[in-house]
2 protein chains.
Amino acid sequence: MRIGELARATGVEIETVRYYEKSGLLPEPARQANGYRAYSARHLERLAFIRHCRALDMPLADIARLLDFNDHPQSDCGDVNTLIDAQLARVRARLASMHALEAQLAALRARCREPHATQECGILHELVAAAHGEACACHPAPGRGGAGHADPRVFAADAEAPERPGRCDNQAG
Amino acid sequence: MRIGELARATGVEIETVRYYEKSGLLPEPARQANGYRAYSARHLERLAFIRHCRALDMPLADIARLLDFNDHPQSDCGDVNTLIDAQLARVRARLASMHALEAQLAALRARCREPHATQECGILHELVAAAHGEACACHPAPGRGGAGHADPRVFAADAEAPERPGRCDNQAG
DNA sequence: GGTTGACCCCGTAGTGGCTTCAGGGTTTCC
DNA sequence: GGAAACCCTGAAGCCACTACGGGGTCAACC
């Protein structure tokens, strides 16, 4: 099985397959006489597994660990739970902030229904007002002490990040 | 106002402030005799605006365009609408796929309640089965024709991406 | 046998939005 | 006067790819 077939069979792009190999997720396949990669059924299986986990938005490092568990069935699977829990926590945190985000954007969009000069644009006025610290959905208090902005980092950090100083104690206004 | 004060006032990290300057979002400030950056109220305002837009998860390129509209109040604001609409569409598409994701992860997690050997781990079994093409929440059909996996690219592409061949017609099994 | 086109190889660089690092200088406080 | 806090710059690292450049291989067709 050549790389193109493998790619078609799993729905993973050829470049991505080579990338997984380089990153150590997919073992190096045998080579044909001409240097082409020759994949086995085991590769197909493993790549499909990776693909599925990626569809679950897991980081490659976590997938590597799952593959490792899979390769060593004797080990305790407690860490699998932890791993899935962490992923679930990440997804839920993201989901929560994205709901807030959607509400804000929808409200923002409602401020401007028809074309007009930018000067009177409700959207820009709202954004500027919010930036000034006036009330808005994600930025309630005009000075200090409010819940403040949703932290942009929530998409990257959250759940298992080591503690860091907050960035949301907005004092402008 | 030095960079540290600006950073504290807006809740943006110092490095990020410099990064925004380098990317052209924030105009270069004046310098003190010792070379330190000296920011004005206008910078504070602009950075707060950027921060607010980033909290709305807008790409920096879009923010640059909003700032440009803001700087030219005479222009028509139709593009502001388009921009917010695109952002809203992106967020909604992401939300939808994240909801599906959460359901899958929760179902997966339910397969494994207590510690045991990896060999009997319901989570791994489910993942492997799914990768094999057997039924699972995101991968219903055992061969072809199902809705297939959620496309990982949905987080990057979606809404306004140019048409591309689908990657989800999984034929493994 | 020459050409076309599909397929494959490799290494490197680019994406976005930062973050970190290395290696310095300046200011402030005790 | 020495330590700590602050500031500077440029470059590299992060993630998970994606794209590019420049080449080799192979089967089919004229």
Side-chain angles (χ1 to χ4, degrees), chain A residues 1-26 28-39 47 50-64 87 90 94 151-158 160-162 164-165 167, chain B residues 1-26 28-39 47 50-51 53-65 87 90 94 151-157 161-162 164-165 167:
Chain A
M1 192 176 216
R2 292 190 310 191
I3 198 169
E5 292 171 80
L6 183 71
R8 267 190 302 279
T10 54
V12 174
E13 304 240 351
I14 290 177
E15 292 83 3
T16 306
V17 175
R18 285 198 281 249
Y19 171 74
Y20 288 161
E21 180 183 324
K22 204 161 53 179
S23 331
L25 262 93
L26 205 55
E28 291 191 24
R31 297 282 179 150
Q32 295 174 354
N34 57 15
Y36 290 9
R37 287 171 177 82
Y39 292 99
L47 182 56
I50 296 171
R51 161 104 164 100
H52 185 76
C53 291
R54 281 298 298 141
L56 293 174
D57 206 23
M58 288 182 202
L60 294 187
D62 283 8
I63 300 176
Q87 174 66 7
R90 264 197 303 269
R94 245 197 288 190
D151 189 336
R153 262 189 309 106
V154 79
F155 301 111
D158 67 62
E160 70 225 305
R164 281 151 156 275
R167 274 162 75 196
Chain B
M1 192 177 219
R2 292 191 310 190
I3 198 167
E5 291 171 79
L6 183 71
R8 268 190 301 279
T10 54
V12 173
E13 304 240 349
I14 290 178
E15 292 83 4
T16 306
V17 174
R18 285 197 282 248
Y19 171 75
Y20 287 162
E21 180 183 325
K22 204 162 52 178
S23 334
L25 263 93
L26 205 55
E28 291 190 24
R31 297 281 179 150
Q32 295 173 358
N34 56 13
Y36 288 12
R37 288 172 178 80
Y39 291 100
L47 182 56
I50 296 170
R51 162 104 163 103
C53 292
R54 281 298 298 141
L56 293 174
D57 205 22
M58 287 184 203
L60 294 186
D62 284 6
I63 300 176
R65 289 176 57 200
Q87 174 65 8
R90 264 197 305 269
R94 245 197 289 191
D151 188 337
R153 264 190 306 109
V154 78
F155 302 112
R164 279 151 156 277
R167 274 163 74 198

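Convention: sequence-line order gives letters A, B, ...; per-chain numbering from 1. Fair warning: this is a prediction, and the values are worked out from it, not measured in the lab.
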Rounded to the nearest angstrom, tell me the gap between atom [atom1] in [X] and atom [atom2] in [N].
X      : N       : atom1 : atom2 : value
E28(B) : dC8(D)  : CD    : P     : 12 Å
E21(B) : dG17(C) : CD    : P     : 18 Å
E13(A) : dA19(D) : CD    : C1'   : 11 Å
M58(B) : dG17(C) : CE    : P     : 12 Å
R94(A) : dC15(D) : CZ    : P     : 15 Å
R90(A) : dC15(D) : CZ    : P     : 12 Å

[X] side-chain N/O to [N] phosphate OP1/OP2 under 4.0 Å:
X      : N       : answer
N34(B) : dC7(D)  : no
Y20(A) : dA16(D) : no
R31(B) : dC7(D)  : no
S23(B) : dG17(C) : no
R51(A) : dC17(D) : no
R18(A) : dC10(C) : no

> Any side-chain heavy-atom pair from R54(B) and L60(B) closer than 4.5 angstrom?
Replying inline: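 The answer is yes, as the side chains (C-beta and beyond) meet within the 4.5 Å cut-off.
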
> Counting any heavy atom closer than 4.0 Å, what does K22(A) reach on the DNA or RNA strands: base, sugar-phosphate only, or nothing?
Replying inline: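 Contact class for K22(A): base.
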
> With nearest nucleotides of DNA chain C determined for R2(B) and Y19(B) from heavy-atom distances, which residue corresponds to the more 5′ nucleotide?
Replying inline: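 It is Y19(B), whose closest nucleotide lies nearer the 5' terminus.
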
> What pair of heavy atoms forms the shortest contact from A38(A) to P29(A), and how long is it?
Replying inline: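 Residues A38(A) and P29(A), closest heavy atoms: O-CB, 3.5 Å.
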
>> Checking the side chain of R2(B) only, and the main-chain atoms of L6(B) only, is there a donor and an acceptor separated by less than 3.5 Å?
In response: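 A pair under 3.5 Å: no.
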
> Is any side-chain N of the basic residue among R94(A) and D57(A) closer than 4.0 Å to the acidic one's carboxylate O?
Replying inline: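 Counted as a salt bridge, because a side-chain N and a carboxylate O are separated by less than 4.0 Å.
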
